[in-house]
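Each remark here refers to the structure printed beneath this line.
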Amino acid sequence: MPSFDEFTRESKIFRDRDVLSPHYVPDILPFREHQLRELMSSLAPALMGKKPRNLFIYGKTGTGKTCSVRQVAKKFEEKSTNGKAAIIYLNCRIHNKPYRVMDKVAKTVLAGFDKQGYGLPQIYEGLLKWAGDGRHLIIILDEIDMIKHLDELVYTLTRANDELKSGGISIIGISNKTLLKDELDPRTKSSLYERELVFPSYSANELQKILQQRAELGFKAGAFTPGAINLAGAIAGQESGDARYALKILSRAAEIAEETGKDKITDAEVKSARDMVELDIVKEQIEKLPENHQLVLYAVAKLSATGSRYARLEGEGENDGYLFSGEIYEEYVQLSKKLRRPSKTARSYRSYLNDLEMLGLLTTVESGKGIRGHTKLIRLGHPAQEVMRILSKSMEGGG
DNA sequence: CCTCCACAGGAAGCGCAGGAGT
DNA sequence: ACTCCTGCGCTTCCTGTGGAGG
């Protein structure tokens, strides 16, 4: 019989788990002074009754975009006590259409719109009336690239500004897509990009400082070594400069330390945490792959595990472990047959291979020096056993 | 040298699902 | 609710590449 003591016993590692979670917003954002100042200076006009210019924020994942904006939004709300300015944060993954955005804005800002069932024209009129009294609204659109018909939304909002004599509506767009600019209507582009702000990736050094800060808040004194923090920062810095990834490694390391009964996070925990986080990411990637991609990947994994049926390459160690494109296709066809699914053409199969390579799930090499004419040699990017385990679970459940 | 094999990957067309317009 | 349109995944067809074999 297990005892509750086992689970309620105070942690030897954690002081406050929330501090390590990806949703935690720290009071101090290191290395973002410039961005915070820029944000504040672009919002400040609204506090003085002037219309802020629209702002577009760009930066890769885990560079502190959302964190910074939310923090500034909070400060803005504290300052704006006269009811003449409002700020609203929306994640466009959820509010991904013009109507949904407008609806949400109306429900949070306008009185009487909290019930459902208002059409766009009513919402629009409502907003005009609200802003017409000399009020300013700032709409933050996080992950703005997820919005369908962004052109339409931006057009509607800028048109509202044109109709207003006093007051106004400003947009802060946040995205991690560089190419978004090219997909937009020129007019949308020029109004959305009135002002731009870039969040660069963190360096290893900066990540180490960030982790240090979190570790001091989240872990007990002496529950981590400086080396472990630096290693986690170095790994994340080398991979991506993504602070979220760095934090993931650190909190995983902490969990490992706790589960194994250690009272300290060391390099060893960080190293195994790295592998686990890596595998988590791979798992996520594989699970949302389309069916045929999964089947092809499974075929590669299976052949990697059982060995190529064709002769080994001319005794060259460096090419060892590569599979021929042709045999993988055959395996894929058989696999499909076994699962009673129609297999696709060899041509399609080649596209799948390219997709999988693009995702880093496998590596391919063009043959050329004396091997089988013109073909591709393929090798799995991750341990075959793990890939097969993930896939067999995913294919069972996913249909 | 030519031809065949075993592939790579571009171009075009086809059927389908889902959104827009009416 | 109906058609119309559009994007997407696939297939078909095709041209190119480079070693093997006659």
Side-chain angles (χ1 to χ4, degrees), chain A residues 92-104 118-121 123-124 143-156 159 177 179-180 182-185 187-188 285-300 302-304 307-316 318-337 339-381 391 394-395 398-399:
Chain A
C92 302
R93 200 180 282 269
I94 300 148
H95 306 95
N96 58 358
K97 283 175 177 178
Y99 177 75
R100 295 197 186 164
V101 171
M102 296 297 276
D103 186 53
K104 181 71 184 171
Y118 288 94
L120 261 178
I123 294 173
Y124 184 74
E143 300 191 66
I144 193 169
D145 46 294
M146 302 295 280
I147 293 191
K148 295 196 174 119
H149 312 295
L150 180 58
D151 293 318
E152 193 186 301
L153 177 67
V154 173
Y155 174 70
T156 308
R159 187 164 54 106
K177 255 174 91 175
L179 296 144
L180 183 65
D182 308 329
E183 293 168 19
L184 295 173
D185 182 301
R187 276 158 68 203
T188 311
Q285 226 175 23
I286 289 177
E287 275 167 356
K288 62 184 178 208
L289 239 39
E291 184 178 306
N292 283 299
H293 289 74
Q294 291 192 344
L295 281 169
V296 170
L297 191 60
Y298 194 90
V300 178
K302 195 177 170 196
L303 289 178
S304 311
S308 167
R309 280 177 287 116
Y310 287 77
R312 285 278 145 180
L313 308 178
E314 301 294 313
E316 287 180 55
E318 79 173 290
N319 280 342
D320 209 29
Y322 279 106
L323 300 162
F324 293 119
S325 174
E327 59 179 332
I328 294 170
Y329 182 64
E330 282 169 30
E331 182 65 35
Y332 155 74
V333 171
Q334 282 188 7
L335 221 55
S336 305
K337 199 176 275 178
L339 294 167
R340 301 175 173 273
R341 299 212 161 80
S343 55
K344 307 299 176 197
T345 333
R347 180 65 189 88
S348 300
Y349 153 77
R350 274 173 238 139
S351 316
Y352 303 152
L353 274 189
N354 287 336
D355 294 344
L356 292 170
E357 185 187 15
M358 210 87 84
L359 289 169
L361 291 169
L362 38 85
T363 42
T364 74
V365 180
E366 288 280 339
S367 77
K369 39 174 183 177
I371 312 157
R372 283 253 184 156
H374 192 211
T375 186
K376 252 182 185 173
L377 304 171
I378 293 137
R379 182 156 62 183
L380 205 57
L391 275 169
S394 173
M395 292 194 295

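Being a predicted model, the structure only gives us computed values, none of them experimental. Throughout, a chain's letter reflects where its sequence line sits, starting with A, and its residues are numbered from 1.
Residues from residues 346-353 of chain A that place a heavy atom under 4.0 Å from any atom of DNA chain B, listed by number: A:Arg347, A:Arg350.
With rounding to the nearest 0.5 Å, the separation of CG in A:Leu356 from CD1 in A:Ile378 is 9.5 Å. Note that the CG atom of A:Leu353 and the CG atom of A:Leu362 stand 6.5 Å from one another [nearest 0.5 Å].
When the shell of 6.0 Å around CZ of A:Arg159 is examined, it contains more than 12 heavy atoms from other residues, nucleotides or ligands.
With sequence neighbours excluded, the residues forming a ring pair (Phe, Tyr, Trp, His ring centres under 6.0 Å) with A:His293 are A:Tyr352, listed by chain and number.
Remark: C1' of B:dA6 and CG of A:Leu377 are 12 Å apart, rounded to the nearest angstrom. Note: CD1 (A:Ile378) to C1' (B:dC7) measures 11 Å, nearest angstrom. Atom pair A:Tyr329:OH and B:dC5:P shows a separation of 19 Å (rounding to whole Å applied). As a whole-Å value, the separation of A:Lys344 NZ from C:dC8 P is 18 Å.
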Atom pairs, protein N/O to nucleotides 15-21 of chain B N/O, distance under 3.5 Å:
unit_1: B:dA20; atom_1: OP1; unit_2: A:His149; atom_2: NE2; d: 3.0

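Proximity of A:Val296 to A:Lys344: side-chain heavy atoms (C-beta onward) are nowhere separated by under 4.5 Å.
Minimum interatomic distance between A:Arg379 and A:Tyr322 (heavy atoms only, all atoms of both residues): NH2-OH, 3.2 Å.
With 3.5 Å as the limit, one finds no donor-acceptor pair spanning the side chains of A:Asn292 and A:Tyr349.
Looking at heavy-atom distances under 4.0 Å, A:Asn292 makes contact with sugar-phosphate atoms alone, never a base.
When each of B:dG9, C:dT11, B:dC7 is scored by its nearest atom to the side-chain atoms of A:Asn354, the top-ranked nucleotide is B:dG9.
A donor-acceptor pair under 3.5 Å is formed between the side chain of A:Tyr329 and the backbone N or O of A:Ala346.
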